[in-house]
Participant: 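One structure is given below, represented as structure tokens, and several questions about it will come after.
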2 protein chains.
Amino acid sequence: MPRIAPIPTTSDAPSPFRTRAEKIRDREEKREAVLRAAVRMFNARGFHATSLDDVAASLGISKPTIYHYLGNKEQVLIECVTRGLEPLRQAAEAAKDEPGTGLDRLRRFLRHYAQINMEDFGRCVVRTGDEFLSQEGTLQFRARKREIDMALRGLIADGIADGSIAPVDVKLAAFTLSGALNWPARWHDPAGAMPVEDIAASMVDIITGGLALRP
Amino acid sequence: MPRIAPIPTTSDAPSPFRTRAEKIRDREEKREAVLRAAVRMFNARGFHATSLDDVAASLGISKPTIYHYLGNKEQVLIECVTRGLEPLRQAAEAAKDEPGTGLDRLRRFLRHYAQINMEDFGRCVVRTGDEFLSQEGTLQFRARKREIDMALRGLIADGIADGSIAPVDVKLAAFTLSGALNWPARWHDPAGAMPVEDIAASMVDIITGGLALRP
DNA sequence: TAAGCAATTTACTCGTCAGTATATAAATGA
DNA sequence: TCATTTATATACTGACGAGTAAATTGCTTA
């Protein structure tokens, strides 16, 4: 460690000289900026219809800069879906250890799920088909999604076991629920009037409560 | 009419000389064959990842032949989604004049809807985002889909009016239902064991009946 | 029989875009 | 002070793929 600890600067006068840690953070920030710009364009125009030249231009940089931070176009997409999948994974994990009946926990998880699917990276997950990735990428992607699907099925099974959920086909129910809550990735307009939380809550009410009027 | 009526041939010995009507039908058949080959590849690999050379090769013909029957690549896609939308439109129209409560009619329609979305052209409708079409194409496509969405909303509203459906937000409910039933276009495997009718029926039960166990 | 039309091919053009080679300038460190 | 690393740019290559030009063959019709 040949480096002397820097004298702490007053926090309101940021030095133009960056420490090693700061530079690592700078780099991260730039990476993230590239990913956010990319995911927005992927969502708006589709992966194949978006060139990395476009993405670079939208940030006022050049294409090789993107290649400097992220190896290639597929890598950009993979990082985007990873960022979309991560909060889903966390929500799924959290749902396991929560109190309440299976139905209660399922409903909480589904509201999370719906909201994440209306955010930039979540939308990208839904819109990314296997067509876009290499064989290896597809395998990883599917494995990650499967993890979440399995958690969802687990919650449904729990609910059936404790009597809070009707005895349905678990796999089919999981597909049906996720389909309903994935679809906003296609139609939801972030500029819309209705808050995301409300949309999520209403959709979950519809699919768990059912449309038929209860006597 | 300078043409003499042909002597009727025995039906088990088809003549190699085609009449005018036969030639028109031949042409139609070839068009359809191109569209069917194209839609399969679009569904399997995505629109952008499918070249018309690929489609032609899969039929043992050359690319200009496709251009002979269909003006350009967008036209191919438009014809595919048209063929997917048409049965949906018919089902929506038929649902209006059927007997039963709003809920009954809705459920019947939804089962149709789900099944169509598991067929080649129906899947293509679901998987075709606005990204793929020109401005004009997008407008037409959206208008057609809107027609079906409106029919769906109408059925839900009818059910609410006659008391068979709970008083939900109609627009959101329509999006939720269609989302759930669109999703099989992504995951359903036509070679799967479970018959399409059964999948459709189960999914419709889940979304109309709701997951929560009824006391 | 000649003109025209329908169906189909081979062999192109042209644009786009992922990815790369190379240069440069600044900061870091020996 | 000199070598190395980091960040960035300009300018290229190479592939792919939509769409077209032009030739061919055979049938239809004046």
Side-chain angles (χ1 to χ4, degrees), chain A residues 1-4 6 15-34 37-38 41-42 45-80 131-134 137, chain B residues 1-4 6 15-34 37-38 41-42 45-80 131-134 137:
Chain A
M1 310 211 172
R3 171 166 280 273
I4 292 163
S15 158
F17 301 96
R18 345 262 29 230
T19 66
R20 203 198 308 268
E22 278 173 334
K23 275 193 288 194
I24 288 171
R25 239 209 13 194
D26 282 0
R27 195 167 211 281
E28 276 314 308
E29 254 173 54
K30 289 178 186 173
R31 243 177 101 96
E32 295 300 321
V34 170
M41 291 183 103
F42 291 165
R45 299 142 66 148
F47 178 69
H48 283 302
T50 302
S51 77
L52 290 188
D53 277 312
D54 291 341
V55 175
S58 83
L59 289 165
I61 62 176
S62 70
K63 182 169 56 172
T65 301
I66 294 182
Y67 279 83
H68 180 68
Y69 289 101
L70 296 147
N72 58 34
K73 198 183 178 189
E74 185 182 11
Q75 195 59 34
V76 175
L77 182 58
I78 287 176
E79 295 269 355
C80 288
E131 313 92 82
F132 301 145
L133 291 110
S134 67
Chain B
M1 307 204 175
R3 173 166 278 274
I4 292 165
S15 160
F17 302 96
R18 345 261 32 230
T19 65
R20 204 196 310 266
E22 277 173 334
K23 275 194 285 193
I24 289 171
R25 240 206 15 193
D26 281 1
R27 195 166 211 283
E28 276 315 306
E29 253 173 53
K30 288 179 187 172
R31 243 176 101 96
E32 295 300 321
V34 170
M41 290 182 105
F42 290 165
R45 300 141 68 146
F47 178 69
H48 283 301
T50 302
S51 77
L52 290 188
D53 277 311
D54 291 341
V55 176
S58 83
L59 289 164
I61 61 176
S62 70
K63 182 168 56 171
T65 301
I66 294 182
Y67 280 84
H68 180 68
Y69 289 102
L70 297 147
N72 58 35
K73 199 182 179 189
E74 186 182 11
Q75 194 59 34
V76 175
L77 182 58
I78 287 176
E79 296 268 357
C80 287
E131 315 92 80
F132 301 146
L133 290 105
S134 67

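Residue numbers begin at 1 in each chain, while the letters A, B, ... track the order of the sequences. No hydrogens, no waters, no symmetry mates; every other heavy atom, side chains included, goes into these values.
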Participant: Indicate yes or no for a side-chain donor-acceptor contact from A:K73 to the backbone of A:F47 under 3.5 Å, with no hydrogens or angles considered.
Facilitator: yes
Participant: Is the phosphate of D:dT6 approached by A:Y69 (side-chain N or O, under 4.0 Å from OP1 or OP2)?
Facilitator: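 A:Y69 to D:dT6 OP1/OP2: no side-chain N or O under 4.0 Å.
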Participant: Decide side chain to side chain contact (heavy atoms under 4.5 Å, CB included) for B:R27 and B:H68; before the verdict, give the C-alpha distance in whole Å, the side-chain angles of both, and the deciding distance to 0.1 Å.
Facilitator: CA-CA 11 Å; B:R27 195 166 211 283; B:H68 180 68; 3.4 Å; yes
Participant: Among residues at least two apart in sequence or on other chains, which ones pass salt bridge (charged side-chain N to carboxylate O under 4.0 Å, His left out) with A:E74?
Facilitator: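 Partners of A:E74 under the salt bridge (charged side-chain N to carboxylate O under 4.0 Å, His left out) test: none.
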Participant: Between B:F132 (CZ) and D:dA18 (C1'), how many Å, whole number?
Facilitator: 16 Å
Participant: Just to be sure I understand the rule, does A:T65 reach a base, reach only the sugar-phosphate, or reach nothing, if contact means heavy atoms closer than 4.0 Å?
Facilitator: sugar-phosphate
Participant: Let me know the distance between CG of B:L70 and C1' of C:dT8, rounded to the nearest Å.
Facilitator: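 Taking atom C1' of C:dT8 as the reference, CG of B:L70 is at 15 Å.
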Participant: Roughly how far apart are B:L59 CG and B:T65 OG1, rounded to 0.5 Å?
Facilitator: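 Separation between the atoms: 10.0 Å.
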Participant: Is any side-chain heavy atom of A:R45 closer than 4.5 Å to a side-chain heavy atom of A:D54?
Facilitator: yes
Participant: Nucleotides 16-18 of chain C: which of its N/O atoms have a protein N/O under 3.5 Å away?
Facilitator:
residue : atom : partner : partner atom : Å
C:dA18  : OP1  : A:K73   : NZ           : 2.9
C:dA18  : OP2  : A:L52   : N            : 3.0
C:dA18  : N7   : A:K63   : NZ           : 2.8

Participant: How many Å lie between CG on B:L59 and C1' on C:dA7, as a whole number?
Facilitator: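 Nearest whole value for this atom pair: 15 Å.
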Participant: In terms of side-chain heavy atoms of A:S62, which of D:dT8, D:dA9, D:dT20 is nearest?
Facilitator: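 Between D:dT8, D:dA9, D:dT20, the one nearest the side chain of A:S62 would be D:dA9.
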Participant: Ignoring backbone atoms, test whether A:H68 places a side-chain nitrogen or oxygen under 4.0 Å from the OP1 or OP2 oxygen of D:dA7.
Facilitator: yes
Participant: Starting from P on D:dT6, measure out to CD on A:E28 and report it in whole angstrom.
Facilitator: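 Going from A:E28 (CD) to D:dT6 (P), I get 14 Å.
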Participant: Once salt bridge (charged side-chain N to carboxylate O under 4.0 Å, His left out) is applied, do any residues pair with B:K30, and if so which ones, sequence neighbours excluded?
Facilitator: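 Listed in chain order: nothing, the list is empty.
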